[in-house]
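This report refers to the structure that appears directly beneath it.
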Amino acid sequence: MKIEIWSDIACPYCYIGKKKLEKALDKFPYKDNVELVWHSYELDPALPKKALDISIYSYFAKKYGMSEAEARETQGKVAAIAREVGLNYDFDNLIVANTSDALRLVKLAKEYSLATEAEETLFDAYFVRGKNISDKQTLIELGEGIGLKKENIMTMLDSDKYLDEIKEDIAYSEDQLNLEYIPFYVFNNKQRVEGSIAIEKYLEVLEESYAEWEKGGVSSGEGEIISGQSCSIDGVCS
């Protein structure tokens, strides 16, 4: 059974949601029959390729018309939520960077069945280790770390490969799924979750969707939408 996921590396709730979903899967007896399919959603494609020389607090303050103190308070709350699932977000050292090439690295990794590993190492690099995920050398090192070949990564980064696929992911999610928030999940082509939800809720959706899949295969039609903590498509995370 497939779980399709739309996310961006710069979305804090996407990483939190990944951890919660994985914890739910660890409790699910049919985990080995579940496939995670990663899709791209770029929250701020207007960011330049060269990382910004400002803090995440200044970035949010300027972009959303708030004070840096308010931005710091907001990010502090997100960091507290992340700690609940064992993630130590370091917003003080986070490098604000364009995520296009990072999302392309996930696409490359997907060809080798390493997309989930790519998501993990990129999230960790961005939110925990203060790495510049728009930097070519950083992406090469991260890609090599999960088993991709250096020459394949370099060839991809020196081309426009996967840019069209990212645009298609975004267009499909908005036009066909009416996506407004990420992370966004579609379980077995039916049940939809927007945002990070409680581990127990992920498990409930898993069990319901899997029962339908086991009985009748891939579902058709739309299920109800379950909402959680998320980032809106204009980049506001709440």
Side-chain angles (χ1 to χ4, degrees), residues 2 4-15 17-18 35-56 58-60 62-63 87 89-91 93-177 179 182-184 231 233-235 237:
K2 291 183 179 181
E4 297 184 83
I5 309 167
W6 279 259
S7 74
D8 188 11
I9 303 304
C11 165
Y13 290 116
C14 291
Y15 195 14
K18 178 180 182 294
E35 178 187 1
L36 303 184
V37 180
W38 293 92
H39 299 289
S40 303
Y41 196 96
E42 192 175 0
L43 288 172
D44 194 352
L47 276 172
K49 287 287 187 178
K50 182 177 173 60
L52 299 185
D53 191 24
I54 59 173
S55 70
I56 188 67
S58 297
Y59 167 72
F60 273 115
K62 291 178 179 179
K63 186 171 183 180
L87 297 173
Y89 282 9
D90 185 2
F91 285 116
N93 291 305
L94 184 148
I95 296 174
V96 182
N98 183 289
T99 60
S100 177
D101 284 344
L103 292 171
R104 291 202 295 142
L105 184 65
V106 175
K107 293 290 189 188
L108 175 64
K110 187 176 182 179
E111 293 192 13
Y112 299 91
S113 300
L114 291 170
T116 298
E117 290 81 358
E119 292 278 351
E120 178 65 30
T121 196
L122 286 162
F123 279 134
D124 177 68
Y126 185 73
F127 285 111
V128 178
R129 297 194 287 136
K131 298 290 186 179
N132 177 4
I133 61 166
S134 67
D135 175 71
K136 181 182 292 188
Q137 186 57 42
T138 298
L139 291 172
I140 290 171
E141 292 172 1
L142 293 174
E144 285 188 294
I146 63 169
L148 297 176
K149 293 182 179 180
K150 181 177 181 178
E151 56 267 30
N152 291 343
I153 302 168
M154 292 177 64
T155 298
M156 181 272 291
L157 291 174
D158 289 336
S159 72
D160 292 332
K161 192 172 184 180
Y162 305 120
L163 287 177
D164 286 343
E165 287 188 29
I166 292 174
K167 291 177 182 177
E168 289 168 6
D169 278 354
I170 295 170
Y172 178 82
S173 68
E174 292 180 348
D175 299 342
Q176 302 299 319
L177 302 176
L179 180 150
I182 59 171
F184 189 91
C231 293
I233 57 177
D234 61 359
C237 302

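Just so you know, these numbers use all the heavy atoms, side chains as well, and skip hydrogens, waters and symmetry mates. Not measured: the values here are computed from a predicted model.
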Problem - S55 (side chain) donor-acceptor with S58 (main chain) under 3.5 angstrom - result: yes
Handout entry: Under 3.5 Å side-chain donor-acceptor pair for Y162 and E111
Key = yes
Problem - side-chain contact (heavy atoms from CB on, under 4.5 Å) partners of K136, counting only residues at least two apart - result: I140, L157, D158
Problem - Considering all heavy atoms, the nearest S134-A51 contact - result: OG-N, 4.0 Å
Practice task
Output yes when a side-chain donor or acceptor of Y89 lies under 3.5 Å from a complementary backbone atom of P12, and no otherwise.
Solution key: yes
Problem - Minimum heavy-atom distance between K107 and S40, given as atom pair plus value - result: CE-OG, 3.5 Å
Handout entry: Rounded distance [0.5 Å steps], OG in S113 versus CD in E35
Key = 8.0 Å
Handout entry: Rounded distance [0.5 Å steps], OG1 in T99 versus CG in D8
Key = 3.5 Å
Practice task
Hey, could you give me the CD/CG distance between Q137 and L142, rounded to the nearest 0.5 Å?
Solution key: 10.0 Å
Completion exercise
Of all heavy-atom pairs linking A102 and I9, the shortest is CB-CG1, 4.1 Å
Problem - Backbone N/O of T138 and side chain of D135: donor-acceptor pair under 3.5 Å - result: yes
Exercise for the section: Output yes when a side-chain donor or acceptor of W6 lies under 3.5 Å from a complementary backbone atom of I182, and no otherwise. Expected result: no
Problem - Straight-line distance of L139 CG to N132 CG, nearest 0.5 Å - result: 8.0 Å
Practice task
Can you see which heavy atom on P45 is nearest to which on E42, and at what distance?
Solution key: CA-OE2, 3.3 Å
Handout entry: Test side chain to side chain contact (heavy atoms under 4.5 Å, CB included) applied to V37 and I5, step by step
Key = CA-CA 6 Å; V37 180; I5 309 167; over 6 Å; no
Exercise for the section: Considering non-hydrogen atoms only, spot the tightest contact between L43 and C11 and give its length. Expected result: CD1-CB, 4.0 Å
Show me the side-chain donor-acceptor pairs of residues 117-129 shorter than 3.5 Å, one per line, residues at least two apart or across chains.
unit_1 : atom_1 : unit_2 : atom_2 : d
E120   : OE1    : K18    : NZ     : 2.7
E120   : OE1    : K19    : NZ     : 3.3
E120   : OE2    : Y15    : OH     : 2.6
E120   : OE2    : K19    : NZ     : 3.1
D124   : OD2    : R129   : NE     : 2.8

Handout entry: Side-chain heavy-atom pair Y112, N152 within 4.5 angstrom cut-off
Key = yes
Problem - Within 6.0 angstrom of D234 CG, more than 12 heavy atoms from elsewhere - result: yes
Exercise for the section: Evaluate whether atom NZ of K2 has more than 12 neighbouring non-hydrogen atoms of other residues, nucleotides or ligands under 6.0 angstrom away. Expected result: no
Exercise for the section: Taking salt bridge (Lys or Arg N to Asp or Glu O under 4.0 Å) as the test, write out the residues that go with D101, two or more places apart. Expected result: K49, R104
Problem - Sequence-distant partners of T155, side-chain contact (heavy atoms from CB on, under 4.5 Å), two or more places apart - result: none
Practice task
Classify the side-chain pair T116/W38 by whether it contains a donor and acceptor separated by less than 3.5 Å.
Solution key: yes
Practice task
Please test Y41 against D169 for side chain to side chain contact (heavy atoms under 4.5 Å, CB included), starting from the C-alpha separation and ending with a verdict.
Solution key: CA-CA 7 Å; Y41 196 96; D169 278 354; over 6 Å; no
Practice task
May I ask you to test the L105-M156 pair for a side-chain heavy-atom distance under 4.5 Å?
Solution key: yes
Exercise for the section: Please lay out, stage by stage, how E174 and I233 fare under the test side chain to side chain contact (heavy atoms under 4.5 Å, CB included). Expected result: CA-CA 10 Å; E174 292 180 348; I233 57 177; 4.2 Å; yes
Practice task
State, with a plain yes or no, whether a side-chain heavy atom of E4 is found less than 4.5 Å away from one of L36.
Solution key: no
Exercise for the section: Applying disulfide (SG to SG under 2.5 Å), name anything that partners C231, two or more places apart in sequence or on another chain. Expected result: C237
Practice task
Rounded to the nearest 0.5 Å, what's the gap from CD on E151 to CD1 on I153? Could you check?
Solution key: 8.5 Å
Exercise for the section: Measure the spacing between CG of L52 and CG of N98 and express it to the nearest 0.5 Å. Expected result: 9.5 Å
Exercise for the section: Sequence neighbours left out, what passes side-chain contact (heavy atoms from CB on, under 4.5 Å) with D44? Give chain and number order. Expected result: A46, L47, Y59, K63
Exercise for the section: Would you indicate whether the side-chain heavy atoms of L94 and V96 approach each other to under 4.5 Å? Expected result: yes
